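It should be emphasised that the depicted structure is a prediction, and the values quoted were computed from it without experimental measurement.
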Amino acid sequence: MRIRWLVTLAIAALLLLDLYLPLSIIGRRGPEGAVRLEVPTSRVAVGQPFPPARLIDLDGEPFDLASLRGHRVLLTYERSVDW
């Protein structure tokens with residue numbers, strides 16, 4: 001019986017959090033256009049050289065995009081869960 005109440009409270013807390021977060025400072029991002037303006041490299045056109053950048057690879061090592069000059073590259077950026 002206690003487990004059922006604890007699960008009910010946990011679900012209710014998650015629902016309240018879901019209602020509260022979009023209204024909080026943490027949950028506000030602003031319009032998508034304003035967010036895109038903050039990222040200067042988001043306006044690179046297809047086929048144009050990518051500006052110099054240093055990224056982190058899957059092993060945590062720094063990776064320089066200049067080493068890929070002359071090769072076709074597809075970069076995808078995704079928001080992580082901890083953003």
Quick one: hydrophobic cluster around Met1, which other residues, with the 4.5 Å side-chain cut-off, linked directly or via members?
Trp5

Residues forming a side-chain contact (heavy atoms from CB on, under 4.5 Å) with Leu68, sequence neighbours excluded:
Phe63, Leu65, Val73

If you link ILVMFWY side chains whenever their heavy atoms are less than 4.5 Å apart, which other residues fall into the same cluster as Leu9? By chain and number, please.
none

Each residue besides Ile3 in its hydrophobic cluster should be listed here, by chain and number; the cluster joins Ile, Leu, Val, Met, Phe, Trp and Tyr at side-chain heavy-atom distances under 4.5 Å.
Val7, Ile11, Leu15

Run the side-chain donor-acceptor check on residues 52-62: report pairs under 3.5 Å with partners two or more places apart or on a different chain.
from	atom 1	to	atom 2	distance (Å)
Asp57	OD1	Asp59	N	3.1
Asp57	OD1	Gly60	N	3.1
Asp57	OD1	Glu61	N	2.7

